[in-house]
Amino acid sequence: MNEDGNGRPVTDELATGGVAARSPVGEAPGGPYPIGLMAILATAAMLFAAFTAALLVRRTGGDWARVELPPIVWVNAALLLASSAAVELGRRAVRRGALPLAAPRLATGGILGALFLAGQILAWRALAARGGFLPTNPYAAFFYMLSAVHGVHVLGGLGGLGWTLRRTIQGAYSPARHTGLTHAAIFWHFVGGVWIYLLVVLSTL
Amino acid sequence: MSATHQTGSFWTRYVFSTDHKVIGKQYFLTAVVMAVIGTGLSVLIRLQVSWPQDTWPFLQKIFPGLYEDGVLLPEHYLSLVTMHGTLMIFFVISFALVSGFGNFIIPLHIGARDMAYAFLNMLSYWTIVPACILMVASFFVPDGAAAAGWTAYPPLSALKEAVPGSGLGQTLWLLAMALFIVSFTMGSLNFVTTILNLRTRGMSMFRMPLTVWTLLIASILGILAFPALTAAAIMLLLDRHGGTSFFLPDGLVLGGAVLSHSGGTPLLFQHLFWFLGHPEVYVLVLPAIGIAFDVVAAFGRRPVFGYRTSVWALIVIAVLSMIVWGHHMYTSGMNPYLGEYFTIVTVAITVPFAVLGLNLIASLWRAEIRLRTAMLFALALVAAIGIGGLGGLWLGTATSDMYLHDSYFVVGHFHFMIGTVTFFGVFAATYYWYPKMFGRLMDETLGKIHFWLTVPGIFLAFVAMHYLGLGGHLRRVYDPTAYDYAQPIQWLNVPISIALFVATAAQIVFLVNFFRSLFHKERAGPNPWNAATLEWTAPSPPPHLNWTELPVVHRGPYDYRVDGAPEGYWPQTAPPPAAAQAVR
Amino acid sequence: MSHRRQTVEVVALVLLFLGITTLTVVGFATDWMPPVASQHGAGVDEVIRYLLLTTGAVLVIGTLAMVGFLWQYGRGRPARSPQTSPRAERWWSLIPVIGMALIAEAGVLVKGLPVWAQVYGAPPPDALVLEVTAQQFEWIVRYPGKDGTFGRTDPALVEGAANPAGLDANDPAALDDVVARGTLHLPVGRTVYLRLGSRDVLHSFSIPAFRVKQDVVPGIIGGTQFVPTKPGRYEIACAELCGMAHYRMRGRIIVHSPEEYAQWLSEQVGFFQ
């Protein structure tokens, strides 16, 4: 068996084998389609679809009473959209070859994402101040639950962004090879898109 | 060539290994441990149901929490039933068949060195370890393990006043299931990516063994269906601990008080649960069928009959499986028009299943059958699909289900599909792939004894459960003799239990064979069965990263006795003879 | 493996599969069900008979094929080339496709759904409307009384034996409601429509002899209807896990001739009277 200097087997063209990616949103191992990413997006989409179905059913209950969402919710949404923009600009910088621009943009995206999460906690407090409590108001209950589940996905996305930031700083990406960054970015945009979708659902239903 | 291992310490090679073969074995051994627990529960259940008036002072000594004055307490009986179902479905069959054999065999079947995400694979195994611990721990909390059935319907599962197990036991159950779902999703992701992206050169989709097809489909179903249960579990936890009312309506009276919940509906949980629940059973059954095809081909020495039509049938089953969940809810109080819809699509599933059945049986035509133990279990599996699948039509037809719902007919049916088809799939896979996994052969004589002690009893018991159901005997009943109309059929419970005890004891033969054979002096060669699929071109057991040079595929997976095959088969790596007609 | 040993094994397998199928078919054909005593119940039993014939036939054919192949090809003789063209395989698959589609869908559409529609259709205007409320672990039955109207109930008023239905004494319609615990009296030959409710968890109102089963869902007033066809005594069984005593959540149905029922009804006293 061929080994490299570290005693690790040399990988084949067609498979990455023992040196496969260490992150769930990592390098697509030698395949034409980002199947792993698509699977994650599919499963997350089904989760929010299930919650949507639950909301559609629950709102027919006699005690459904919409509470107006506190304004900070919309500020947070803007933050999340801005962070998607920053991450996307960072990705395009790598694609163009303008590598020094990438890290600051990705970092900005991550910081904005973290601010979003902090803002969501403030939103919970504001909602409670308006009398929207978990046990007594089903609309509020959905807000808390959906924002919490979404927040877990944001945390995961932040983890992915942090990992890509590290790789960017290490100089691992090139215009031809930056699949991990692309996938982390797509996941991040998906997470942002889900929140916009949830806000639309909560506002109109 | 000598076996090479992953570099690293004992911990990285055998405990936190990222090698799919080690992880597969870890899942399998975990399944064995959980199976001992799950089977033990079933013994206690059968003793109670068959002899409800008896006392069991001896059992009280072993399980002091469950019995009082020698009598099994009804609330604990419900915990036994709940945990038996939960453990067997998720922590035994899913672990052994899908995660265990799936992990071991997929890279070997498609010519890959490991799974696409080897580190994630290791994480997925170590996620279920705390899940197992939580489930087992739930037996030891003061009010006992969850007792609302493996289906956990609220309000029974939501209100701790409703049944003792709905206290801490149910919470632990929900947390353990959450971990299970995370783990299974990680695994499904890995399977799908690996199968679609890491096939070696020449391994087109229609040259994959049917085992791989079924595992691919099962993984896709898992990815799409499990989130519904995740959502339901989160909402149930909130109803239990957050005071919410997703599933709890107004005006509930328990313990003499009117509860403060309002506005929810229990039916929402049922829809979400079964949206997962139905595809879940195909996640378990389809890989067993895939394995049966592989084994029947290898030991019938002929190609599978209808490989392509089987692939299409599997795909149709998978698609249909996602739109039929309401057949678990015919009497639930849902809109009766939904009942009409669900019955029409549900009975349509028998069509692709009939294609699979025909193909399995026709794969014996012009065969040269070798009756090794793996083949015996595969044949028994085929028979079980027939009986179990046809019985499913009785339940899938809404009108007859009106009578049969929640009876022992259902219990018999699902024990056929999940307790028989899948279990025989596990056994067939074990006897077939043991030499590849451990480099030695299992003892054939012990294997045959295992088969003959297990199979007749299992068939008898679960067929007879259908009769109980026809007689109206209900499920989850602590004492069936409480109803007059059920007394004339109570006698059936006794032979059922005896047959099951014999079959249960027979598993000792299997376990002895399994563990003893690990130490056989004589080692198995790379291909003791002269089988054609790719795993048999690797050493037994394969080294870390499986092959020195990845195989290149030129043929389908079942080229036995075709095109003038030398030694009776063409391995997938053999070049097609120049003059052979293109059959695939 | 020696030829003789292989033959012995094949014989054993053939006997196993023939035996299991025989046991299955004979067992399923055995009359385990309690004698049917309702109108739509006869339709349910007909669907079951249809399924027995059709699935039984499929099982027998499949078993004979499998056993035949085992016998022919399992005793160690070399066999002819097993190559079949994909086209031939597709044609053969039409047999299970068409056969099973006909059996399955004909059963559902022709035999099954009409009975279903009967059960879930609107009850006739002269149906006897009664109310059954499920709670852990009994059935509370309510008759509307001479005024033919059900009085108001309130969960807060529920009190064990003192007021099992939670009747509101302030509602004049409630005064003559007749409340019973666990026993339902019915006249033969008349459609009965039961309003079904649950006070705590899911239960399921089932009468095996009538082929009636309807889950009782808290928060929903459901219903089921049937026509008793034979006077006698029958049992109500709870068919959805509802807690510790689910196994003995038993009720009774007594079906009278119309005259006897009228007599019985006239003897009942309103709850607050």
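Only heavy atoms go into these numbers, but all of them, side chains included; no hydrogens, no water, no symmetry mates. Being a predicted model, the structure only gives us computed values, none of them experimental.
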Residue, of [options], that accumulates the most heavy atom pairs under 4.5 Å with chain C:
options	answer
R561(B), R476(B), R366(B)	R366(B)
G333(B), G472(B), G391(B), G251(B)	G251(B)
L252(B), T331(B), L259(B)	T331(B)
V562(B), V163(B), V463(B), L474(B)	V562(B)
G396(B), A383(B), A354(B)	A354(B)
A367(B), G386(B), P74(B)	A367(B)

How long is the gap from OH on Y50(C) to OG1 on T55(C), to the nearest 0.5 Å?
->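 Those atoms lie 9.5 Å apart.
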[X] side chain vs [Y] backbone, donor-acceptor pair below 3.5 Å:
X	Y	result
W116(C)	P336(B)	yes
S166(B)	A158(B)	no
S245(B)	H261(B)	no
D401(B)	L404(B)	no
Y153(B)	L267(B)	no
T397(B)	S400(B)	no
Q6(C)	I369(B)	yes

Where does [X] contact chain C at under 4.5 Å (heavy atoms): side chain, backbone, both or neither?
X	answer
L364(B)	both
V258(B)	side chain
L358(B)	side chain
Y330(B)	both
P352(B)	neither
A147(B)	backbone
L78(B)	side chain
V455(B)	side chain
L376(B)	side chain
L379(B)	both
A257(B)	neither
I361(B)	both
F247(B)	neither
T309(B)	side chain

If you tally heavy-atom pairs under 4.5 Å against chain B, which of [options] wins?
options	answer
G107(C), A12(C), G76(C), G160(C)	A12(C)
G99(C), P155(C), G68(C), A156(C)	P155(C)
V10(C), T24(C), V216(C), V115(C)	T24(C)
G62(C), P78(C), G222(C), A65(C)	P78(C)
T30(C), T63(C), L202(C), V47(C)	L202(C)
P208(C), G112(C), G219(C)	P208(C)

Residue pair F28(C), W394(B): steps toward the ring-ring contact (aromatic ring centres under 6.0 Å, His included) verdict = CA-CA 11 Å; F28(C) 271 70; W394(B) 298 50; 5.2 Å; yes
Side chain / backbone / both / neither for [X] at chain B, heavy atoms under 4.5 Å:
X	value
E240(C)	both
L94(C)	neither
L70(C)	both
F17(C)	side chain
I236(C)	backbone
V217(C)	side chain
R77(C)	backbone
Q136(C)	side chain
L13(C)	both

Among Y408(B), Y467(B), Y485(B), find the one that has a ring pair (Phe, Tyr, Trp, His ring centres under 6.0 Å) with H473(B).
->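 That would be Y408(B); it is the only one of Y408(B), Y467(B), Y485(B) passing the ring pair (Phe, Tyr, Trp, His ring centres under 6.0 Å) with H473(B).
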Using a strict cut-off of less than 4.0 Å between a Lys/Arg side-chain nitrogen and an Asp/Glu carboxylate oxygen, indicate whether E89(C) and R308(B) qualify as a salt bridge.
->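 A salt bridge is absent here (no side-chain N lies under 4.0 Å from a carboxylate O).
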Salt-bridge criterion met for D479(B) and R248(C) (N-O under 4.0 Å) =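 Answer for the salt bridge query: no.
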Verify the ring-centre separation between F459(B) and F416(B): is it less than 6.0 angstrom?
->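 Here the rings of F459(B) and F416(B) have centres that are less than 6.0 Å from each other.
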Indicate the ring-plane relationship of F226(C) and F210(C), choosing parallel, tilted or perpendicular according to the 30° and 60° boundaries.
->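 Because their plane-to-plane angle lies in the 30° to 60° range, the rings of F226(C) and F210(C) count as tilted.
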F206(B) and W312(B) aromatic ring geometry - parallel, tilted or perpendicular at 30°/60° bounds =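 Because their plane-to-plane angle lies in the 30° to 60° range, the rings of W312(B) and F206(B) count as tilted.
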W150(B) atom CH2, neighbour heavy-atom count above 12 within 6.0 Å =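 Enclosed: over 12 neighbouring heavy atoms sit under 6.0 Å from CH2 of W150(B).
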Within a radius of less than 6.0 Å around CZ of R252(C), do more than 12 heavy atoms belonging to other residues, nucleotides or ligands occur?
->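 No.
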Hey, are the side chains of I344(B) and L113(C) touching, using non-hydrogen atoms and a 4.5 Å cut-off?
->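 A side-chain contact under 4.5 Å exists here.
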Do E46(C) and K111(C) come within less than 4.5 Å of each other through their side chains, counting heavy atoms only?
->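 Touching, per the 4.5 Å side-chain cut-off.
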Side chains of Q214(C) and Y120(C): do they bring a donor and an acceptor to under 3.5 Å?
->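 Indeed, the side chains of Q214(C) and Y120(C) share at least one donor-acceptor pair under 3.5 Å.
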